[in-house]
Amino acid sequence: MSEPGEGTDKRDEARSRAGGEPTGEHYDPVALQEKWRRRWEESEPYRAGEDPDDTRERRYMLDMFPYPSGDLHMGHGEVFAIGDVIARYWFQRGFNVLHPIGWDSFGLPAENAAIKQGEHPATWTYANIETQAGSFKRYGISFDWSRRLHTSDPEYYRWNQWLFLRFFERGLAYRKGGLVNWCPNDQTVLANEQVVAGRCERCGAEVVRRELTQWYFKITDYADRLVDDMAQLEGSWPDRLLTMQRNWIGRSHGADVAFEIEGRAEPVTVYTTRPDTLFGATFFVVAVDAKLADEIVTDEAREAFETYRAEAAKLSDIERLSLEKEKTGVFLGRYAVNPVNGERIPIWAADYVLSDYGHGAIMAVPAHDQRDLDFALRFGLPVRVVLETGLEDPAETGVATPGEGRLINSGPLDGLTKAEAIDRIIGILGERGLGKATVNYRLRDWLLSRQRFWGTPIPIIHCADCGEVPVPDEQLPVVLPDLRGEALAPKGISPLASATDWVTVECPKCGGTAARDTDTMDTFVDSSWYYLRYCSPGYTDGPFDVERVRRWGPIDQYVGGIEHAVLHLLYSRFVTKVLHDMGMLDFTEPFMRMLNQGQVINQGRAMSKSLGNGVDLGKQIDAFGVDAVRFTMIFAGPPEDDIDWADVSPAASQKFLARAFRVMAEAGKASGPDVSFADGDRELRKVTHRTIDAVTRLIDSYRFNVAMARAMELTSATRKAIDASPGGAADPAVREAAETLAIVLSLVAPYVAEEGWERLGRPGSVATAGWPVADPELLVVDEVTCVVQVAGKVRERLSVSPDVSEAELETLALASAKVQGYLGDKPPRKVIVRAPKLVNIVPG
Ligand code: ANZ
Ligand code: ZN
């Protein structure tokens, strides 16, 4: 699968108006694309160095790998252009850069296409991969193509299976029965994370709950480390991303409190983050789908309870927890006893309490918890305020008061603050053996089995005598059977189950007849470690060569969409920690910096078929050339912002690149590369060096768009210098500016930069020309004199930079001791600033 697609190559050739080598100063993007693509393919300028003695600093730049859904789209065009600025900048800085590419090539769409076309999912998958690979090459991204991987290759997924077995050995992979999310359309289970507002993330069908036995990874064992290790990422990951990870893990500190249930021997424990409000508990709620509800409901209440339970089964967790949803529930006919005051409180069943969080039952404190209050008001239950917050009575306003305050109506807690009361009550409960401080997490174990074909088979054999038996390592990979077309149609069980020959195997333990597990892994398993494989592609002794990962890892910069803020990043962080614990990694976080790009939209809306506002990347490239499209993506705004394609102009980008190209070509014609820049015009040299200085800082701080604005200014200044006199182009300062331009543009518009570099007579690829360094002597800014008038008389002269801002100048003037002497204590009535020459102050 390693031969690149030919399609896009041909397209360039056919459209090349120059019909061969580009000559003259006419900018022909297609001719440049054709010429340089060939050369790059031969010279491989972006190959990462693997020589252990290579002393260059190593940098690992990674773009989230694509799913091969068709050809590349505008979103790819943007994100890969952004990642490429960083990678290419690092190449220029002289680092040994690893910038790999691969495909996340298992998944449902391939399977659905295969069913429709009566094909094998591989056909669709690998055809799309070839299309995308060809398009990436045309798009000129600085990948090290020698490391390419596809997760659907047996040589890759073999290591998913290997990892699964290591997890299994460590007790981190296990099977359990329970209620799971089921997509009736895709006929497969979904992880909680894949249910969005009660619907399947992929197809939008309403998700139902089903009782099934499934495989899980025990990510909850790592919950604390997943929270605590975020300290390493603070400041280098976007805050919003860290918040989303934190919320998903949902660590909370609270207490377990045991409540006596009348007529039941064992007390029932509830989890509360507010044990201080225990005296305000006026009723008790059990999750409607918890076993406890079924167990304690009285005969009289059973019928109503069962009807209600059937209704609630249709809702997703998100709907159940929604504050907007009207509260529902039934009285179970029984009472609990408040452990601190002996009060009898009624027990209800409701859907707003979840069976798999905490203990599946709560003490309800309506005065201080909004959901409890909504419920109390709906069903006429008492509301007792136990915290003096200074706000109005919740029973009157319908608004709970969850904040801080002093305790009231709470016996021994009266007068204490919230924090004091929490400590005190935990102490009291502890002495009596009725409670203790605890930590809870919202995070659930990672449900990884899927009932679909196009994924990694789970390497477990089920034997009637021996139970779950791991497939021995030397039998890996367990390769998918050859199923295609109708055989893949969803049937509620995995299609693999129908491949009887494949399923039936000898038990590795007892030799008896046994059956393979027929589920496949969630594709998030594939993407949870692929970044490690790139360090040693083709490695056969393990998922990756530990030594090589030690050299390259962790990833210095990861670029990808915010849609992966929770799932992919959390799973990758988890797997990294497990591999660290296995002694295979010397780091605990995989991605040291993270950049989330914005979206490419059109006319204010996300692009969609139904709106008819889609823009095709290939067509944009055909019309304007690769460089202009990439330039437009980068120039549109900061990388995190959305780009509205209706507001940008690839035609204008193309025009600019043509101007830049002419500057480089004319400079190259007028002088040779051996001139001394020091002999050049000082004013232009100053512009060049100020540009170098500014662009360096701008790229370092990800303000790529502003950096490109500076490149445009440099182009204009150079053009002016060329046109100023007949021999203008021969000025060494013009050459210096043009060479700088080629290097700066190489980050965004690699084709024109490469051609320009060649025209300038420089050998080798511009991609590794080396980043220029600004000469401090040429950065010195001239000063001008600014006159400060107070009441119309000149009172002060300030020496300032010619580009001082008005605000700065006003501050400087008012800070002058002389000026202050004339103003006295009164603030000035008016300050008129004409930067950089004049400040006029009207005293107060
Ligand atoms: C009494 C109380 C009083 C509560 C109060 C809050 C405010 P986090 O922070 O998300 O962990 N709770 C406990 N188990 C629950 C379950 N299975 N389903 C739904 N809600 C549950 O939230 C913990 C709080 O959520 C707990 O503290 C409990 O309500 C509720 F003024 O107990 B609290
Ligand atoms: Zn057996």
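What you see below is based on every heavy atom in this structure, not just the backbone, and it leaves out hydrogens, waters and symmetry mates. One-based numbering, in listed order, for ligands and for the atoms of each.
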**Q** Among F379, F259, F375, whose ring-ring contact (aromatic ring centres under 6.0 Å, His included) with F283 holds?
**A** F375

**Q** Which N/O atoms of ligand 1 sit under 3.5 Å from a protein N/O, and at what distances?
**A**
| from | atom 1 | to | atom 2 | distance (Å) |
| --- | --- | --- | --- | --- |
| ligand 1 | 10 (O) | R442 | NH2 | 2.6 |
| ligand 1 | 11 (O) | S252 | OG | 2.7 |
| ligand 1 | 11 (O) | Y357 | OH | 2.4 |
| ligand 1 | 17 (N) | L354 | O | 2.8 |
| ligand 1 | 17 (N) | Y357 | O | 2.8 |
| ligand 1 | 18 (N) | L354 | N | 2.9 |
| ligand 1 | 27 (O) | T272 | OG1 | 3.4 |
| ligand 1 | 27 (O) | T273 | N | 3.0 |
| ligand 1 | 27 (O) | T273 | OG1 | 3.2 |
| ligand 1 | 32 (O) | T272 | OG1 | 2.7 |

**Q** What orientation do W446 and Y571 show, parallel under 30°, tilted 30 to 60°, or perpendicular over 60°?
**A** parallel

**Q** Got a second to check how far Y308's OH is from D351's CG, nearest 0.5 Å?
**A**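 So the gap between those two atoms works out to 3.5 Å.
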
**Q** OG/S527 to CG/L569 distance, rounded to the nearest 0.5 angstrom?
**A**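 It is 9.5 Å, given to the nearest 0.5 Å.
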
**Q** Given the rule in the side chain to side chain contact (heavy atoms under 4.5 Å, CB included) test, do D519 and R175 qualify, once you have shown the distances and angles that lead to the verdict?
**A** CA-CA 12 Å; D519 286 350; R175 227 156 64 113; over 6 Å; no

**Q** Decide if the gap between the ring center of F331 and the ring center of Y335 is smaller than 6.0 angstrom.
**A** yes

